[in-house]
Structure formats: structure tokens, C-alpha cells
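Bear in mind that the values here come from a model prediction, so they are computed numbers and not experimental data. The chains referred to below are lettered A, B, ... by the order of the sequence lines, with proteins before strands, and numbering in each begins at 1.
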Protein chains: 2
Amino acid sequence: MLRMRPLIHPSIEDVTVEGILHALSDPVRAAIYAELAVSSGATCSNFLKISDREIPKSTLSQHFRALREAGLIRSERHGVEMRNTTRCEEVNQRFPGLVVTIMQAHQTQAAERLQANTRKPSPRKTKAR
Amino acid sequence: MLRMRPLIHPSIEDVTVEGILHALSDPVRAAIYAELAVSSGATCSNFLKISDREIPKSTLSQHFRALREAGLIRSERHGVEMRNTTRCEEVNQRFPGLVVTIMQAHQTQAAERLQANTRKPSPRKTKAR
DNA sequence: TCCAGTAGTTCGTAACTTATGAACTATGGA
DNA sequence: TCCATAGTTCATAAGTTACGAACTACTGGA
């Protein structure tokens with residue numbers, strides 16, 4: 001019988017730069033984090049469709065876990081669903097500007113790609129990971 | 001017969017945030033980058049011993065390649081050795097503050113660890129990757 | 001209390017990445 | 001030409017990630 005282990009939220013002193021960079025180096029996770037930053041409390045299934053491709057539920061679940069265990073988000077069960085919020089204040093206190101700057105860079109890049117895509121018709125889908 | 005392929009330096013528009021974060025999410029690569037930032041032109045073998053552990057030459061070579069192909073450094077052959085320099089100006093122009101902030105965070109963390117190590121005698125070597 | 005539905009997790013495994021020793025290339029000097 | 005030095009490539013073992021299938025956990029009826 002499968003057990004459901006408790007969610008792991010590292011305490012802020014245990015959060016590492018390596019961990020944060022690794023977590024946010026994945027475009028799907030960066031997109032999730034970006035969305036959580038504006039719509040706090042969003043659930044896993046709010047993300048089933050991200051950036052023009054369907055992501056399997058199990059994969060998404062792993063991505064949330066990665067963000068959680070890197071210390072970037074906090075997840076709480078509310079009834080049947082899992083509400084997620086960023087830990088941005090804590091993290092920003094520990095590593096000032098880090099996450100904000102990373103997310104800005106991601107945004108800069110997303111804007112560039114959007115522009116490129118409106119110019120050319122179908123420009124060789126940008127390689128993931 | 002083994003061929004030696006030409007070094008790949010992506011043009012600055014092809015440098016991605018994902019790539020940068022991934023490259024700098026490895027502590028060895030972050031240490032190399034940090035060192036290059038202060039001692040420009042350093043060679044691969046200057047790094048054979050980094051942060052208390054010996055790193056094999058082949059592994060180091062791959063790390064330099066990763067940094068190079070992420071667009072973070074430029075490598076040029078000078079005689080028998082390979083001189084490496086950061087591409088920090090270009091990269092900073094493309095993603096303002098990104099690399100600087102990441103390196104600051106790494107430094108903050110390194111300082112913390114150093115402090116912790118001087119307090120306790122041998123405190124369970126911090127897990128890599 | 002049982003059942004169905006919804007939300008998310010875990011497991012197994014296939015696909016991909018990374019680390020490293022051994023063998024190589026490339027260059028310069030004797 | 002031969003040797004030494006610096007770094008690269010290859011093969012492969014070890015580690016990581018993605019994803020379908022099967023599960024847990026919870027809620028709201030009947």
C-alpha cells in the first residue's frame with residue numbers, strides 16, 4: 001500500500017543558491033513560479049496547459065515538488081486541492097534580488113520570443129531544457 | 001582518428017536564461033566563473049583543485065565547455081593553453097543584473113558556510129548538486 | 001456508510017545527463 | 001624528431017528526469 005509522505009518545506013537557512021538556480025532553470029518551473037507570483041494560491045491543475053503544450057499531471061506534480069523542495073514555494077492542502085504560494089519575501093531576504101532578477105530575465109526573454117514569433121510564421125520551436 | 005571540434009561560442013542573442021541558470025547552478029562551475037571574473041585569462045589547469053576537492057581534468061574540461069556553450073565565457077587557445085574570460089559585459093547587457101546577482105548570492109552563501117565551518121569542527125560537508 | 005468524482009502523489013521504467021578514466025589531439029621547445 | 005604540457009574526446013557507469021498507470025486523500029451526495 002502506497003504511503004503519501006508529508007510535504008517538505010526546507011527552512012529558509014537550508015535554501016541554497018544552487019537549488020534555486022536549478023529549480024528556475026527549467027522553463028516550465030519558471031513559468032509556474034511566474035504565475036504563482038501574480039496569482040497566489042493557484043493549484044496544480046491551473047497549470048495543466050502551460051505555454052502551448054500539455055503537461056502530464058504527474059510531471060507537473062514533480063515540478064511543484066522541485067519548487068517546494070528548493071524552498072521557492074509553499075504548498076498547503078485545502079480540501080481536495082493544493083494551494084501554492086511563493087516564499088518570495090523570505091527568499092529575497094536571504095538572497096536579495098536573486099529571484100526577482102531571474103524572473104525579470106525570463107520575462108525579457110519571453111517577450112523577445114513572442115516578438116520573433118509574430119514576425120516569422122513558424123520559427124523552429126525554441127528548444128526546451 | 002579523433003577529431004578536435006571547434007569551440008562553440010553562441011552569439012549573445014542565442015544565450016538563454018535557462019542556459020545561464022543551469023550552468024551556474026553547479027557549484028564547481030559557479031566557482032570557476034567567480035574566479036574568472038577576478039583573474040581574467042585563467043586556464044583550465046588553474047582550477048584542478050577547487051574548494052577542497054580534486055576535480056579530474058576531463059570533468060573540468062566539460063565544465064568549461066558548459067560555461068562556454070551557455071555563453072558565459074569565451075575561451076581562446078594561446079599556444080598550448082586555453083585562456084578563459086567572462087563575457088560579463090555582453091551578458092549583462094542582455095540580462096541586466098542577472099549574473100552579478102547570482103554571483104553575489106553564491107558569495108553570500110559561501111561566506112555563511114565558511115562561518116559555520118569555523119564554529120563547528122567538521123560539520124557534514126554540504127551536499128553538492 | 002458507501003460510492004463516485006476531483007485533485008494530486010507515487011511507482012516503475014525508459015530516456016536523457018553527467019562524471020570520469022583512458023586514449024587521444026594540439027602545440028611548443030630541445 | 002621526440003618529449004612534455006594542456007586540454008579534448010570517447011565509452012560507460014552512475015545519476016536524474018519525464019510520464020503512464022495505479023494509487024491516496026478528500027468531498028459531497030445518495
Let me see the working for Glu18(B) and Gln109(A) under side-chain contact (heavy atoms from CB on, under 4.5 Å), right down to the final yes or no.
CA-CA 10 Å; Glu18(B) 298 91 292; Gln109(A) 186 176 273; 2.6 Å; yes

Taking atom P of dG7(D) as reference, at what distance in whole Å does atom CD1 of Ile8(B) sit?
19 Å

Is it true that Val28(B) and Leu48(B) fall in one hydrophobic cluster, defined by side-chain heavy atoms closer than 4.5 Å?
yes

Is there a path of hydrophobic side-chain contacts, each under 4.5 Å between heavy atoms of I, L, V, M, F, W or Y residues, that connects Met82(B) with Val80(B)?
no

Met4(A) atom CE is separated from dC11(C) atom P, nearest whole Å, by 11 Å

Under 4.0 Å from OP1 or OP2 of dT10(C): is there any side-chain N or O of Arg5(A) that close?
yes

Rounding to an integer number of Å, can you tell me how far Glu76(A) CD sits from dA7(C) P?
19 Å

Looking only at dT9(C), dT8(D), dA19(C), the nucleotide nearest the Lys57(A) side chain is dT9(C)

Would you say His22(B) reaches dT17(D)'s phosphate, i.e. side-chain N/O to OP1/OP2 under 4.0 Å?
no

Between P of dA26(C) and CZ of Arg77(B), the distance in whole Å
8 Å

Show me the donor-acceptor pairs within less than 3.5 Å that the side chains of residues 65-74 of chain B make with the rest of the protein, sequence neighbours left out.
from, atom 1, to, atom 2, distance (Å)
Arg65(B), NE, Gln62(B), OE1, 3.4
Arg68(B), NH1, Ser75(B), OG, 3.0
Arg74(B), NH2, Glu90(B), OE1, 3.3

With rounding to the nearest 0.5 Å, note down the distance linking CG in Asp14(B) to NE2 in His9(B).
14.0 Å

Min side-chain heavy-atom separation Thr16(A)-Arg113(B) under 4.5 Å:
yes

Distance-only donor-acceptor pairs under 3.5 Å for side chains of residues 99-108 of chain B, two or more places apart:
from, atom 1, to, atom 2, distance (Å)
Thr101(B), OG1, Gly97(B), O, 2.5
His106(B), NE2, Leu24(B), O, 3.0
Thr108(B), OG1, Gln104(B), O, 3.0

In whole angstroms, the gap separating P of dT20(C) from CD of Glu54(B) amounts to 11 Å

Distance-only donor-acceptor hits, side chain of residues 31-39 of chain A, under 3.5 Å, sequence neighbours excluded:
from, atom 1, to, atom 2, distance (Å)
Glu35(A), OE2, Ser39(A), OG, 3.0
Ser39(A), OG, Glu35(A), O, 3.2

Per the under-4.0 Å heavy-atom filter, residues of residues 31-48 of chain B near DNA chain D come out as Thr43(B), Cys44(B), Ser45(B)

Residues in residues 58-65 of chain B with a heavy atom under 4.0 Å of DNA chain C, by number, are Ser58(B), Thr59(B), Gln62(B), His63(B)

Could you give the CD1-to-C1' distance, from Ile73(A) to dG8(C), as a whole number of Å?
13 Å

DNA chain D contacts among residues 78-86 of chain A, heavy-atom distance under 4.0 Å
Gly79(A), Val80(A)

When you compare the side chain of Val91(A) with that of Leu98(A), does any pair of heavy atoms fall below 4.5 Å?
no

Gap separating the CZ atom of Arg83(B) from the SG atom of Cys44(B), nearest 0.5 angstrom
14.0 Å

Whole-Å distance between dG15(D) P and Asp26(B) CG?
16 Å

Decide whether Ile12(A) and Ile20(A) are clustered together by the hydrophobic rule: side chain heavy atoms of Ile, Leu, Val, Met, Phe, Trp, Tyr closer than 4.5 Å, transitively.
yes

Between Arg29(B) (CZ) and dT17(C) (P), how many Å, whole number?
13 Å

